[in-house]
Chemist: 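After the structure tokens below, expect a handful of questions from me.
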Amino acid sequence: MVVQDCNLRCSYCYAGDGKYHKSGIMDIATAKQSVDFLIENSKRDNLGICFFGGEPLLNFKLIKEVVEYCHEKEKEIGKKFAFSMTSNGTLLNDEIEAFIIENHIKLQISIDGDKETHELNRYYSGKVGSHDTVLKKTKNLREKGLLDARGTVTTSKLDLIHTYDYLRSIGFDKIALSPAFNLLEVEEYAILADAFIEFYLEFEKCIKEKRYAEVKKNTMFMKQLNDIHNSQVRTKACGAGNSLYAIGINGDIYPCQRFVGSSEAVLGNTFHGDNIQDEIIKNATVDNFKECSKCWIRNLCVGGCIHDNFSLSGDINSPYRPQCEHRKKIVTEAIKIYLRLNDEELHELFES
Ligand code: SF4
Ligand code: SF4
């Protein structure tokens, strides 16, 4: 649920054209309608709502009302809600912290690393850096081990091991480092792949030193190994437009949060929930991606992220070749690492 545009003006949201894409503010009627839409359209007993922005905490009043509404609905329908949020962390305060703890909201903070790295891309208007504010405002929850970090990676400052260690040292629990593919030049894909390989090899060393708890905090590395360990034939890389949808501020329905604001990707509106046009998304399976038919990593990659396809190739059914090469390099190394794991290591990583 995208509830508000942002208080920062980071380069990520300028989408390369120098204009900031405003999303506006969701009102409570639309938010409740979205909850009702979820209840009506999901057969599951456990439902999840993730608050996104821009910056969702700018609209904390609405978040409180939505959570309260969901708790009322839980009693009525016998289903359970779980909440999560992705925030830049600049607006946390005592009241919000207490609310997050009380309602078990899983909070992920967008932070790219140390001050120098973070402020390359994340700042207020006028390019005023946001790192010090993020550190100050997240201090209490970090100290309680209640925050995860999501760092966005570009080639401007590519020391992933240092970035990861920094985020761990300041108390973030789980850490994900993900490339900002929309900001990369073609030649940067290979550079980034090499950086991730070096990063993964460092975590292989951690495994060999039996530092398993540490390894398990690296969500991206663990996902790569898990995909290999639990490999199975899949047709989609993620649940976008299937087990998850994103709702924009006016109730428009999108395949996932990264599509919000792209008029071509609107599948319907929660106020007209019986008219969802999602065949295009349902048919976006790896079996229908021409480029993937002969690709040797298709059961691990499963055609990749359809939003990356959409934004990089202009078509959700067409993977972007430089990204495919990037992925193949990383998967090759991940397989080699996996094959070097012994029985004890496999047990510790996947079964203990
Ligand atoms: S690497 Fe590219 S071609 Fe291969 S499965 Fe993934 S998206 Fe398809
Ligand atoms: S389409 Fe891409 S960004 Fe959206 S949920 Fe799937 S993997 Fe994530």
Side-chain angles (χ1 to χ4, degrees), residues 1-2 12-13 15 21 38 42 48-54 84-86 106 108 110 148 150-153 176-184 186 189-190 192-193 196-197 219-220 222-224 226-228 231-248 252-262 264-267 278 280-335:
M1 193 182 279
V2 172
Y12 305 126
C13 290
H21 295 282
L38 173 62
S42 176
I49 293 185
C50 185
F51 298 104
F52 279 103
S84 55
M85 192 183 323
T86 298
K106 191 82 192 139
Q108 186 178 54
S110 305
D148 292 343
R150 182 189 171 85
T152 303
V153 176
L177 300 179
S178 317
F181 287 114
N182 63 326
L183 298 184
L184 296 185
V186 171
Y189 282 80
L192 210 62
F196 271 97
I197 287 170
T219 50
M220 218 169 147
M222 280 306 294
K223 181 178 181 326
Q224 286 279 356
N226 241 317
D227 284 350
I228 299 166
S231 59
Q232 51 184 290
V233 178
R234 293 180 292 151
T235 58
K236 284 175 175 281
C238 71
N242 188 16
S243 59
L244 76 90
Y245 289 94
I247 311 296
D252 279 348
I253 301 165
Y254 299 86
C256 83
Q257 79 284 354
R258 285 182 66 202
F259 284 95
V260 172
S262 302
E264 315 92 292
V266 176
L267 307 176
D278 59 358
I280 297 173
I281 296 296
K282 295 258 184 284
N283 290 331
T285 67
V286 69
D287 298 330
N288 293 329
F289 297 173
K290 204 162 58 263
E291 293 85 346
C292 305
S293 61
K294 295 201 172 93
C295 180
W296 70 271
I297 64 163
R298 57 172 278 157
N299 286 336
L300 292 172
C301 168
V302 207
C305 163
I306 57 170
H307 183 270
D308 283 343
N309 295 354
F310 175 75
S311 63
L312 300 171
S313 301
D315 177 358
I316 57 168
N317 298 300
S318 293
Y320 183 57
R321 189 165 291 276
Q323 195 184 35
C324 292
E325 298 312 316
H326 162 94
R327 218 172 267 148
K328 284 178 201 167
K329 275 182 96 169
I330 294 177
V331 167
T332 302
E333 200 58 46
I335 292 172

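All values reported here derive from a predicted model rather than from experimental measurement. Just follow the structure's listing: the first ligand is 1, and inside any ligand the first atom is 1.
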Chemist: Show the atom names and distances, to 0.1 Å, of all donor-acceptor pairs under 3.5 Å that link a side chain in residues 235-243 to residues at least two apart or in another chain.
Modeler:
unit_1, atom_1, unit_2, atom_2, d
Lys236, NZ, Ile281, O, 2.7
Lys236, NZ, Ala284, O, 3.4

Chemist: Please tell me whether Tyr189 and Tyr320 form a close aromatic pair, meaning their ring centres lie under 6.0 Å apart.
Modeler: yes
Chemist: Please could you name the atoms of ligand 2 that Cys256 approaches to less than 4.0 Å, counting only its heavy atoms?
Modeler: 1 (S), 3 (S), 4 (Fe), 5 (S)
Chemist: Counting distance only, does the side-chain N/O of Asp278 pair as donor-acceptor with the main-chain N or O of Leu267 below 3.5 Å?
Modeler: no
Chemist: Would you mind telling me which of Val260, Ile247, Asp252 makes a side chain to side chain contact (heavy atoms under 4.5 Å, CB included) with Val2?
Modeler: Val260
Chemist: Taking backbone and side chain together, does Cys238 place any N/O/S atom at a distance below 2.8 Å from atom 4 (Fe) of ligand 2?
Modeler: no
Chemist: Considering only NZ, NE, NH1 and NH2 on the basic side and carboxylate oxygens on the acidic side, decide whether Arg298 and Asp287 come within less than 4.0 Å.
Modeler: yes
Chemist: Taking both backbone and side chain into account, is any N, O or S atom of His307 nearer than 2.8 Å to atom 6 (Fe) of ligand 2?
Modeler: no
Chemist: Which pair of heavy atoms, one from Ala334 and one from Gln224, lies closest together, and at what distance?
Modeler: CB-OE1, 4.0 Å
Chemist: Using a 4.0 angstrom limit on heavy atoms, which residues are close to ligand 1?
Modeler: Glu291, Cys292, Cys295, Ile297, Arg298, Cys301, Gly303, Pro319, Cys324, Arg327
Chemist: Between Arg150 and Ser178, does a side-chain hydrogen bond (donor to acceptor under 3.5 Å, both in side chains) hold up when you go through it step by step?
Modeler: CA-CA 7 Å; Arg150 182 189 171 85; Ser178 317; 3.3 Å; yes
